[in-house]
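Just so we're clear, the structure is a prediction, and the values are computed from it rather than from any experiment. Sequence positions, counted from 1, serve as the residue numbers for this chain.
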Amino acid sequence: MDKLRGYIEKIIYRNPQNDYTVIRVEDNGISTTCVGCLHDINAGEFMEFTGEYVFHPRFGQQFKASQARILIPEDLASVERYLGSGAIKGIGAVTARRIVEAFGEDTMRILDEEPERLAEIKGISRAKAQEIAATQEEKKDLRNVCIYLGDYGISNALAVKLYGIYDQEIYKIIRDNPYQLADEVSGIGFRKADEIARRTGVNPGSDYRIKACMIYVLQRALDQGHVYLPDHLLKRKVMETLKPLTVDDLCEIEEADLERCLMDLVLDSRLIIKQEPGTEEKIRQVYDSQNYYTELAIARKLTDLNLKAQIDEDETARRIHLVEEQSGIVLDERQRDAVRGAAGSGVLIITGGPGTGKTTTINALIRYFESDTREILLAAPTGRAAKRMTEATGCEAKTIHRMLELSTELEDSSAGARFNRNEEHPLDADVLIVDEVSMVDIFLMNALLRAVKPGTRLILVGDVNQLPSVGPGNILKDMIRSRRFPTVELVKIFRQAEESEIVVNAHKINRGEKITLRPGSRDFIFIRRESPQAIANAAVTLLRDKLPSYVGADIREIQVLSPMKRGPLGVMSLNRFFQECLNPPDAAKKEMPVRDMIFREGDKVMHIKNNYELEWTMMTPSGFAYDRGTGIFNGDIGMIEKINEHSRLLEVIFDDGKHVIYEFEQAEELTLAYATTIHKAQGSEYPAVIMPLLDGPEILMSRNILYTGVTRAKSCVVILGREETVNRMIANVREQERYSGLKDRLEEIRHSVPA
């Protein structure tokens with residue numbers, strides 16, 4: 001790491017929300033721009049910064065500081081300069097000269113140890129001296145904490161946060177149990193706490209460390225979609241995580257240590273252990289307690305809503321016939337089953353692949369309940385899915401987040417969001433139809449069910465063969481497997497859909513049948529290419545020159561979907577290549593570096609983390625704001641409209657029309673999106689999809705990933721690669737196992753309810 005020391009000549013910019021600061025530092029007549037999260041620094045202070053020199057494409061060389069500490073000025077002129085800079089409230093240039101003249105080389109010691117003596121100086125009252133003393137003491141304590149924590153690799157910004165939470169207690173926590181920080185403070189995970197613990201000499205076999213690692217492993221599992229882990233897998237992953245940092249000759253962690261710590265966490269109500277039903281080997285499911293109670297709450301609410309009603313079969317048939325007659329549609333028997341099921345059930349599941357009439361069934365349900373003057377609400381997990389639902393039904397559909405009225409008062413929890421709609425303020429609906437339910441994770445489903453009042457009919461629609469939600473859980477599949485809810489599977493491919501090779505091939509893929517790949521197809525095109533570079537070149541030609549006019553869509557509406565993040569045909573490599581070809585550097589386009597990427601005006605980007613605080617505005621073409629709100633979500637895609645380097649702001653217009661202003665630091669939540677993973681494309685539909693398929697890990701080159709990718713296309717699928725790869729994917733039924741227990745929780749409730 002590099003060092004920079006000198007006087008703060010000028011503060012150019014400071015963001016009061018996150019302390020991001022741009023300053024000029026002067027050292028022996030040389031002035032350097034320094035940037036970083038620098039809390040409570042002032043012009044005139046003599047400081048040392050730790051960090052690295054970086055090159056900004058517009059502003060040239062800068063020093064990016066990760067640590068900063070105040071140094072004692074080295075001579076009387078420097079002391080006077082520091083005091084007169086305004087660094088200490090109540091002391092100006094004239095008073096600074098008087099202080100230095102009175103105390104000489106003892107000035108800084110008096111400021112630190114006897115600041116009350118400032119009352120001896122003309123112009124400083126006793127009350128003012130006490131005020132300066134209190135300010136100086138607080139600055140000294142904070143400075144000492146920043147220096148102390150800086151030795152453990154903790155940034156100034158995080159040190160200030162820790163000092164605000166723990167005050168002087170932070171020293172004891174660092175010394176005795178730094179793992180407490182990973183448990184209580186956002187921004188310090190297990191790895192950072194483990195590094196601090198190593199430096200402070202905490203026993204690598206301590207229970208503190210094992211317990212913190214268990215919580216960390218379960219959190220990582222949650223990020224991968226698991227709601228719980230089997231205990232044997234949890235213990236194995238804990239040992240794998242601890243081993244690289246465990247000194248074998250000083251510490252040997254045994255199975256008994258793991259079991260003891262596991263049971264301690266259960267006794268502390270941090271973890272919940274449940275026996276997996278029907279397992280002879282007594283497999284134990286280990287949950288973080290919040291995740292268990294979230295899943296259990298879903299099971300309870302679904303059970304409460306799952307009421308049966310006696311219906312007049314003849315009257316129901318008459319009304320279904322009337323719906324068909326008035327809307328000009330003809331339902332098949334399973335679609336009629338769906339309407340009958342909705343009429344007599346509190347909860348109904350409708351599942352089916354593309355072209356099987358899910359949308360027609362939803363329309364029939366809407367018309368059926370409208371004839372009974374029922375209040376109907378439509379919802380979907382994403383903006384794209386809600387928009388498609390609106391267009392297909394002619395009725396307004398909202399995202400689940402918007403329907404639940406996302407609150408600006410946020411909870412500090414892994415669930416992430418709080419909604420104004422809940423048990424106390426439920427949704428005003430007799431019928432709630434939710435599409436694309438395979439995308440809904442346990443936290444969003446729990447929030448939704450909390451807002452559904454008793455007696456509301458809940459109709460859940462989705463394709464159970466698609467990939468599960470990005471977030472934790474497997475709601476749709478678990479509900480169907482439980483056999484607790486009426487489920488209608490639509491299987492008939494309707495005549496219009498039969499004309500689409502996308503639909504026909506999607507069903508063949510789902511059944512494990514080989515598909516015919518040929519370049520001359522109208523909507524399912526295969527182009528053989530043998531190398532990653534040839535595939536990337538062909539994709540650019542298709543994006544730029546061929547597909548927009550072929551499907552009648554803008555280039556930004558066409559999506560490249562890859563099974564992988566990494567590798568020659570992973571989205572990271574493809575995005576760099578596509579950006580260079582489709583949006584190359586231009587003197588008229590401003591840029592900014594983020595992580596290992598360069599963002600440029602005109603780039604297609606995706607938001608990659610749910611951010612419930614980000615404000616958005618809906619604008620008319622003339623620039624009039626007609627709607628405002630908060631919340632941008634994982635998977636939202638847009639375009640960088642403008643980059644303002646001076647104010648360090650970036651504006652993105654998302655596909656649903658939301659305008660969002662990002663501060664440069666918030667741009668960490670964006671990534672290039674010329675290509676995305678198939679998983680990220682869930683719930684979306686594009687005019688055309690390009691899929692590069694050559695080689696990749698077996699777990700990612702599977703049938704349901706291919707099926708999900710193909711079914712994202714509305715008018716055209718183009719596969720670039722090898723026919724053998726496609727056939728291998730169809731034959732590969734291996735799926736990434738997802739540990740979710742909703743089916744078991746439903747069974748648990750069934751046995752707990754008296755007969």
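For the ring pair (Phe, Tyr, Trp, His ring centres under 6.0 Å) test, residues two or more places apart in sequence or in another chain that qualify with Tyr216 are Phe190. For the salt bridge (Lys or Arg N to Asp or Glu O under 4.0 Å) test, residues two or more places apart in sequence or in another chain that qualify with Arg728 are Asp695.
At least one side-chain heavy atom of Gln466 sits under 4.5 Å from a side-chain heavy atom of Arg712. Between Glu613 and Thr630 the shortest side-chain heavy-atom distance does not fall below 4.5 Å. Taking 4.5 Å as the limit, some side-chain heavy atom of Phe443 sits within range of a side-chain heavy atom of Leu222. Side-chain contact check for Arg745 versus Ile298: every heavy-atom pair is 4.5 Å or farther apart. Between Leu218 and Val286 the shortest side-chain heavy-atom distance falls below 4.5 Å. Here the side chains of Thr671 and Val605 are not in contact, with every heavy-atom distance at 4.5 Å or above. In this structure, Arg484 and Met479 have side chains that are not in contact, with every pair of non-hydrogen atoms separated by 4.5 Å or more.
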Next item on the list: Apply side chain to side chain donor-acceptor pair (under 3.5 Å) to the pair Gln219 and Asp288, showing each step before the final yes or no.
Entry: CA-CA 8 Å; Gln219 182 58 53; Asp288 180 283; over 6 Å; no

Next item on the list: List the steps and the verdict of side chain to side chain donor-acceptor pair (under 3.5 Å) for Asp463 and Tyr707.
Entry: CA-CA 11 Å; Asp463 185 346; Tyr707 174 79; 2.4 Å; yes

Check: After noting the C-alpha distance and the side-chain angles of Tyr228 and Asn291, does the key distance pass the side-chain contact (heavy atoms from CB on, under 4.5 Å) rule?
Finding: CA-CA 8 Å; Tyr228 72 87; Asn291 303 337; over 6 Å; no

Next item on the list: Starting from the C-alpha separation in whole Å, work towards a yes-or-no answer on side chain to side chain donor-acceptor pair (under 3.5 Å) for Tyr208 and Asp176.
Entry: CA-CA 10 Å; Tyr208 287 139; Asp176 296 346; over 6 Å; no

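Between the side chain of Ser206 and the main chain of Asn203, a donor-acceptor pair closer than 3.5 Å is present. Put simply, the side chain of Ser702 never gets that close to the backbone of Val733: no donor and acceptor are under 3.5 Å apart. Checking side-chain atoms of Arg284 against main-chain N and O of Lys274 turns up no donor-acceptor pair under 3.5 Å. Not a single donor-acceptor pair under 3.5 Å links the side chain of Arg450 to the backbone N or O of Asn422. Not one N or O on the side chain of Asn634 forms a donor-acceptor pair closer than 3.5 Å with the backbone of Asn610. With Thr676 contributing its side chain and Ala673 its backbone, the two residues share no donor-acceptor pair below 3.5 Å. A distance-only check finds a donor-acceptor pair linking the side chain of Ser562 to the backbone of Leu569 [under 3.5 Å].
Taking the centre of each ring, Phe633 and Tyr612 come in below the 6.0 Å mark.
Expressed to the nearest 0.5 Å, how far CG of Asp207 lies from CG of Asp257 amounts to 7.0 Å. The distance from the OG1 atom of Thr725 to the CG atom of Asn732 is 12.0 Å, given to the nearest 0.5 Å.
Asp304 has no carboxylate O lying under 4.0 Å from a charged side-chain N of Lys301, or vice versa, which leaves the two without a salt bridge.
Side-chain polar atoms of Glu668 and Tyr662 form no donor-acceptor pair below 3.5 angstrom. Judged purely by distance below 3.5 Å, without hydrogens or angles, the side chains of Glu295 and Tyr287 pair a donor atom with an acceptor atom. Side-chain atoms of Asn177 and Lys172 form no donor-acceptor pair, as typed in the model, at a separation below 3.5 Å.
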